[in-house]
Structures are given as structure tokens and as C-alpha cells.
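These numbers come from a predicted model, not from an experiment.
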Amino acid sequence: MHPAHPAAPQLHGHYQALVGGTVMDALVDMTGGVSSRHALPPRPSELGALWALLLQTAAGQVMMGCSCSDRRQSAGSGAPLPAPDDDGDDDIAAATGLVGRHAYAILQAVETRPDAGAPRGRRLVQICNPWGRRVWRGAWDRDDPRWTEALRVQAPEGPPGTFWMELADVCAHFDAISACTIWDDRLPFATSIRGAWRGPQAAGPLSGPLGKFLPQYELVFTGPPAGGAGEAPTARLVAALMRRDPRGRAGRGAAALGGEEAAGREEEHMSLALVRHERPRGERVVGYDADMDLAGRGARSYTNSREVTLEATLDTDGRYMLVPATLRVGAELPYALRVFSDRPYAIRPVPFEAAWQEATIEGEWAPLQAEGLPSSQGAWWENPQFLLSLLTQEGLPPTEVPVQVCLEPFYTHAIDPAGRYRLLPGLDAEGNHPTPYYYDLVCLPATPAAQEVEGDEGPADGPIYRTCTYKPLIPPTFTNAPENVRQLSLRAGGSAILMPTTYGARQYGRFRLTVLCPVGTPVALQLQPVPEWPHRTALWGAWTGPTAAGCPNSGTAFWRNPTFRLRLQGGRRARVVLCQHAPGDREAREGLARLSPAEGRALVPLAPPANDPPADEGDAGPELQSIGLVLADPRTREILCRPPSWTNGAAVTLVVEAEPDRDYLLIPSTFDPGQEGLFRLVVFSQCPHILTGPQ
């Protein structure tokens, strides 16, 4: 029995964790070597290097394996799949004889002498199926008539399960070649360092605004090579970055890299950068550029493999920095960094002080404040909104400040007193949390109220209220991970609105919002709820029966739609938002009924439909209808303002410009007659207003 057989389940936690995996991870576990993966087919410029690597197998310097997928196993073959073997194994090899999703060992590579059929010789690779059967059926298989005694001397036939393939066929039928190199003899100077991306050092990619806070290791060469001092002033360096094996997350396998850190993500992408260190000794790399990377990887190459390696030949009189990085900001997990060289060297971590200032606030997705993303059937602006301000002194030059924002939902079983809704799921009996809802942190411009109503013509200063303009500063990224970390860059003295939202409407729960920025930047963080508009009224209505009359294209029938009267008292502008809901949205109606007019929301009680369905479980609801909103003169029925087209969004907005103390009609409608549904009409303004209806 191989000594790794009983040790492997202890390393990864249990035998079940050994199912699957990759060839290169298995080779590393058995040998302690350094792995590398070479995708097939290679680029033409890489073919020579790949063949040179394959030739090293015969010298025992490299252990290699390869694998093929279902897509590759029958490449170029139109023949039907053969029947299973007589031993009853259900796996069926393709017409090529290769088995998909299966690992093979590479035993050796041979370049034959030139002959009449191949003036330049042939590049043959000997491969072994560890099952001892199901071998390659194609060029240079056992039955190929082109085999001669001279060729058999150079490429002898092996035991059952082994076969020879030409290099071109290997590249055509396999997905990748994995190599494991033992560097102990050729690179005798070795160091192993354990570390972790944790807290502020879980800063994402090196090229990002927070990259300077990543773990960094300074390396300098300190002496001549092992072979003597008369060689060229260069050194060969191999570095390998390994994260915790994701298969061990359910057991004790993470002990090899930190034990208790077994809750890391399975699909985290990572990279290892090598840069020349030009700053004074002990200072950190700042302002990374991909062209700085001496190994051609870094910010341009991230992988979700367990290990990533780099090789480089370096000048011995330089100072260098190794920087492990993840693609995702906030990815906290342990790692091991191994460094091999043919010259002695010194490596040490560059000191890092957690010099961050922090602002934290807690909130809740509650009824009427859990409206989902803009494409869901809800008034998305009703989600909790928080104003992030970067306060600074007057007279300082404008500075861009990197900001990291983390949103963490609370997992709990709590429900409201009436038991009508559930919050995000909590821990189960075994202490694991089931998959929570998908959620995101939306970052929006903090627009002054005057511009929110009047557009860019309004003053650029003044109070900021809850926004209903959806122009995200960074693309949405919904996740069901325990936290969602976003990074953005804001100008000192500026502000932004942070809006935590679940993917669908009516998904309830509590959350914590944390904002970090580096100490030393000329700002102070301030995080607070966005104030409500001074004057805001929300009315409910429904398109039912004859009042589902369609758009103005319906002629006089259009005026049978629900009609509301609006009067602005002392002002000229207001923003009106029409939001559609599912016809049976009982929960929304009941929630609004609990609010009082003193909270600034006038209510219209609605009779529930005859067949009122139960409240949904938090999905986005049925397909949205095309809706629009019209402003009209009540005396002449002249349409004063209308949208260019009716849209099937969850909400539409109309900016009303009107004479003070005069009545106007607001008429919400669907595009086609007969489309029934429930809607909410909300008016925002800085001046007092009166909204009545529906009529």
C-alpha cells in the first residue's frame, strides 16, 4: 500500500473528500513537489517547451499525467460508442479507446531516429491507463502495422494498460498535461511560509485600488550558487502558492494550511506576482502595473486551481517582491508559499499595519423595505439606503480615495409577530447554514434633491434624500456568499448612496454594512441612513375590469383608467414614480395598511381579489406588464406630458413641471386594455403637495 493511501483521508478529512480532484494535486500530495498545468493544445510557440518538459520524464526529474473530457475523447471520430467491457463496468470508452473524465499517467517521451516514413523522426509519448485496460485505438496503437523492430527498440511495448501516441494526437485528444517537479537537487535552497488573506489584507487583485494592502514578501539573494562562485550573476527561482484544498472543507483537511480556516470558498481564483522592488527596503509595493510582473502572470492570470506556480531567471543584485493575490476582494483563506532557488536567499514579509478607518451600521430588509432589484416587482428605491460621506477639510486638492464596502446578512430563523414572513435562513442542526438568498450592495450617486427633481439644471448642492434614480456606480454582483465585498473609488469630500438589496422582492432579514478606507487619506468616514423626502405621498390603485383601459391609443376609453389629482403647493417640480405589483400581492397591501398618514403616506384600502393567492416566497413574481404614466389637464383633458413609450420595467418615472396651486391629473395605465394589476403611485417633492385618488 502506498503510504499516501491512509494519510490522504486524514489530510482531507474523510475518504469521500478523495473523490474527484486533479492529477497535479494528487502528484503533489504524494511527492511534495511543485505542480504546473499545461492546457492542450498548446500555442505553436509553446510546443517546443512542452516537448522538452515531456523528455524530462525519462530522467525521473518530472512526474506527469494527463486527462481528457467527454468532449475530447471522441474528437475526430464519427464511429459509435463501443459496448462496455465484459467486466460489467458501466463507463464506456469512445471509439478512440480513451475514457472521459479520467486520469492517465505519462511514463516517457521518445523522439525516434529519422527513417523513410519520418525524415525528422517521430515524437512519441508513452501513456498508461491505471486500470490496466482500455487503451488508445488509433495511430501507433499495439496493432498499428507501421511498428518495426527498430522502432520497438526505441519505443518498447509496455505492460497491459500502456500505449504509445504521437504528440499531435496527445494534444488533440487530451485537455491538459499536469506536471510535478521535484526541485530538491537542482534548487536546493527552499523556504515554506504559511500566511492568510485576512481582514484588510484580503484586498483582492494586486492591480485593484486596495492591492497595496495584500501580503507582500521581500526577497534578496545573499550568496553564490551551490555549484560555486564562478557562474553567471543570475539565479533561478521557482515559487508555488497553494491554498487550502476545497475538498477538505467538510473535515479536518484544512489543518495543513491553518485548520480552522475550512470555511473558505471552493472556487476562489488566485495568482502570484513577482515584481522588482524599487522602493526603499521595508516599504510596500504601491501602484502595480501588469508590465511590472517578471514572470508574466500576476494581474493577468488568475486560476481556481489549488496551486499556482511561477518560474523566473533573476539578476542576483536586485530586490524582488512576491505578492499572493485573489481575484475577489474579501476572500479570506489561508495559503502556503514555497520558494526554491539555486542560490541562497533571504525572504521576509513586509510589515503591515491594519491602518484602516471603519464605519459600521446595521439595517433590515423589512416589509415595504425589501423590494428587490429594479427588475423585480417592487419599488426598488424603498430598499434601505445609506449615505456614505467622505468628509474632508476645505482647500485640500481633490484626491481619489479607495473604499471597501462589506455587506453581511444575519442568518436567523426569526419571523415577524404575525408569522407572515421569514428572514434569511439560519444554521441547521449540524451548524451549517443553508444557501441564503442572493443579494447585492448597489452603489448609487448621491444626487442633491434639486437635481433629483429638476435634472442637471438644478443646483449641485443642497440636501440629499432617498434616491429613485437607478444609475449604479459599479456593475451589480449578486451572490449568496456569507458576505458581499465591493470596492470603489470616491473623491475626497464626495458621497455615494449604498443600497443593500436582495435579488427578489419580499426577502426579509437583517444585515451589517461596513465601510473601510486607508488611514492616511485626508477624509473621515460618515455612514448614516439617507433622509426621507420632506414631502412624499404613496397611493395604491388597481387596473381591474373596465378601469384596465390601456394607453391613450385606446381613445376615449383611456380616461376610464384610475385617475389621481395632484396639486403642488408653492413649488413647480415633483418626481412621480409608478410601480407595478402582482395582482395578488396581499403582503404588500397588508404592509401598507399598517402605516399611518403621519408617516407621509396616504393609503387607499383595496379589497383583496376573489382568489387571493398566498404571499410569495421571495421570487421576482410574474412577468411584468408594459406600463406608463400620463400628466393631463383636468379641464380640457389635454395630455401635457407622457413617456415616449410604455415599458415593462418594474417602475416608470415622470418628472412633473406644473404651476403652483393648480390641479393636474395623473393617469397610470398599461399598454393594452384588459391587463389587470396592482400598482403604487409615489410623489416626491421638496414643497408640500396634495395627491388624491383614485377616481
Can you confirm whether [X] sits close enough to [Y] that some side-chain heavy atom of one is under 4.5 Å from a side-chain heavy atom of the other?
X      : Y      : answer
Pro660 : Gln569 : no
Pro476 : Asp440 : yes
Leu691 : Leu666 : yes
Leu525 : Leu388 : yes
Thr547 : Arg560 : no
Thr514 : Arg512 : yes
Tyr438 : Thr502 : no
Trp380 : Val442 : no

Minimum heavy-atom distance between [X] and [Y], given as atom pair plus value:
X      : Y      : value
Leu327 : Pro205 : O-CD, 3.4 Å
Ile464 : Ser495 : CD1-OG, 4.0 Å
Ser626 : Trp646 : O-CD1, 4.0 Å
Leu678 : Gly541 : CD1-O, 3.3 Å
Pro500 : Pro384 : CD-O, 3.3 Å
Cys443 : Leu488 : SG-CD2, 4.2 Å

Any sub-3.5 Å donor-acceptor pair from [X]'s side-chain atoms to [Y]'s backbone N or O?
X      : Y      : result
Thr653 : Val577 : no
Glu676 : Gly545 : yes
Thr670 : Asp672 : yes
Gln528 : Phe386 : no
Asn648 : Ile627 : no

Return the orientation label for the [X] and [Y] ring planes: parallel under 30°, perpendicular over 60°, tilted otherwise.
X      : Y      : result
Trp365 : Tyr439 : tilted
Phe679 : Trp543 : tilted
His535 : His689 : perpendicular
Trp533 : Tyr465 : tilted

Nearest 0.5 Å please: distance from the [atom1] atom of [X] over to the [atom2] atom of [Y].
X      : Y      : atom1 : atom2 : answer
Thr447 : Ile497 : OG1   : CD1   : 6.5 Å
Thr563 : Ile667 : OG1   : CD1   : 4.5 Å
Leu665 : Trp559 : CG    : CH2   : 6.5 Å
Ile361 : Leu527 : CD1   : CG    : 5.0 Å
Leu629 : Thr647 : CG    : OG1   : 13.0 Å
Leu473 : Leu490 : CG    : CG    : 7.0 Å

Between [Y] and [X], does any NZ, NE, NH1 or NH2 come within less than 4.0 Å of an OD or OE carboxylate oxygen?
X      : Y      : value
Glu364 : Arg510 : yes
Asp663 : Arg635 : no
Glu382 : Arg680 : yes
Glu268 : Arg243 : no

Quick one, Leu441 with Leu513, criterion side chain to side chain contact (heavy atoms under 4.5 Å, CB included). Give me CA distance, side-chain angles, the key distance, then yes/no. CA-CA 9 Å; Leu441 178 63; Leu513 186 61; 3.8 Å; yes
Walk me through whether Tyr664 and Leu640 qualify under side chain to side chain contact (heavy atoms under 4.5 Å, CB included). CA-CA 9 Å; Tyr664 291 86; Leu640 304 175; 3.6 Å; yes
When you check the side-chain N and O atoms of His269 and Thr326, is any donor under 3.5 Å from an acceptor? no
Taking side chain to side chain contact (heavy atoms under 4.5 Å, CB included) as the definition, give me every residue that meets it alongside Arg491, ordered by chain and number, with sequence neighbours left out.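 Expected list: Pro398, Glu400.
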Could you give me the CA-CA distance, side-chain angles and deciding distance for Phe671 and Asn553, then say whether side chain to side chain contact (heavy atoms under 4.5 Å, CB included) is met? CA-CA 8 Å; Phe671 184 76; Asn553 295 345; 4.1 Å; yes
Side chain to side chain contact (heavy atoms under 4.5 Å, CB included) between Gln487 and Val485: does it pass, once the steps are laid out? CA-CA 7 Å; Gln487 59 181 358; Val485 180; over 6 Å; no
